[in-house]
Amino acid sequence: YNMTDIKVFEGITSVSFNEKPKEGVSAFRIFDRIGENGIDIDMISLDLAPNDVLFAGFTLSDGDLGKLLPLLKSENITTPAVNCGNVKFVVKSEDMINCPGFAAGVFKALSSAGCVPLLVTTAVDEISVLVRDSDSSDVGKALEKMF
């Protein structure tokens, strides 16, 4: 594979929760509130179940967690799963476009490093992988080896 770029971001928190919004309130209102409070989120994963329960996960800078937690509480999201101090790898490659197996190659590299990713998101030409800080050195070496 030809890699265009690998970027590494440290100090990343993952947050996940499920929410059943009040009658007449959009399940996605929380994202309006996050934006209004100047919190930059990334790696968003959403699933809206048939009963209107929103299952959401995303990442943000560890430094923004202090702004996020009171906001979640004010929106009645009282039991988020929070995991701080992680590292995000963003692999960008034109080879992802119309190339079956690229993500499988990244997963193989993660496996060879003994790492189970915390969160994965993809776009047309990039894959973002969130890993524990303790796995980041091995993951970085495995991804370099892949390319």
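Note that the numbering runs from 1 along the sequence shown for the chain. Any value given below was found using the heavy atoms of this structure, including those in side chains, with hydrogens, waters and symmetry copies removed.
Considering only residues two or more places apart in sequence or on other chains, D133 meets the side chain to side chain donor-acceptor pair (under 3.5 Å) condition with none of them. Taking the side chain to side chain contact (heavy atoms under 4.5 Å, CB included) definition, one finds that A142 meets it with A109, S112, A113, sequence neighbours left out. Applying the side chain to side chain donor-acceptor pair (under 3.5 Å) criterion to E144, with sequence neighbours excluded, gives no partner residue.
By the 6.0 Å contact criterion, CG on D47 is enclosed, its count of non-hydrogen atoms from other residues, nucleotides or ligands being greater than 12. Enclosure of atom CG in D32 by more than 12 non-hydrogen atoms of other residues, nucleotides or ligands within 6.0 angstrom is indicated. Open room surrounds NZ on K73; 12 or fewer heavy atoms of other groups in view lie less than 6.0 Å from it. Within a 6.0 Å radius of NZ in K67, more than 12 heavy atoms belonging to other residues, nucleotides or ligands are found.
The hydrophobic cluster containing I12, built from Ile/Leu/Val/Met/Phe/Trp/Tyr side-chain heavy atoms closer than 4.5 Å, also comprises F9, M43, V90, L118, L119, L130. Think of V124 as one node in a network of Ile, Leu, Val, Met, Phe, Trp and Tyr side chains linked at under 4.5 Å; its network also takes in I97. If you chain together ILVMFWY residues whose side-chain heavy atoms come under 4.5 Å of each other, F55 ends up grouped with V53.
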Query - Audit row: T79, F17, side chain to side chain contact (heavy atoms under 4.5 Å, CB included) steps and yes/no - result: CA-CA 7 Å; T79 56; F17 59 86; over 6 Å; no
Requested in this report: Please assess F58 against L68 for the test side chain to side chain contact (heavy atoms under 4.5 Å, CB included), listing each intermediate value before the final yes or no.
Outcome: CA-CA 12 Å; F58 52 84; L68 179 70; 3.9 Å; yes
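In this structure, E126 CD and I6 CD1 are separated by 12.0 Å, a value rounded to the nearest 0.5 Å. Rounding to the nearest 0.5 Å places CZ of F31 at 11.5 Å from CD1 of I39.
Under the 4.5 Å side-chain contact rule for hydrophobic residues, I77 and L48 share a cluster.
Checked by atom type and distance alone, the side chain of N37 pairs as donor or acceptor with a backbone atom of R33 at under 3.5 Å. Between the D62 side chain and the G85 main chain, a donor and an acceptor come within less than 3.5 Å of each other.
I34 has its side chain out of reach of E36: every pair of non-hydrogen atoms, C-beta onward, lies at least 4.5 Å apart.
Counting only N and O atoms by type, the side chains of T59 and D42 include no donor and acceptor under 3.5 Å apart.
Here the closest heavy-atom approach between residue N86 and residue N83 is recorded as ND2-O, 2.8 Å. Minimum interatomic distance between L60 and L65 (heavy atoms only, all atoms of both residues): CD1-N, 3.9 Å.
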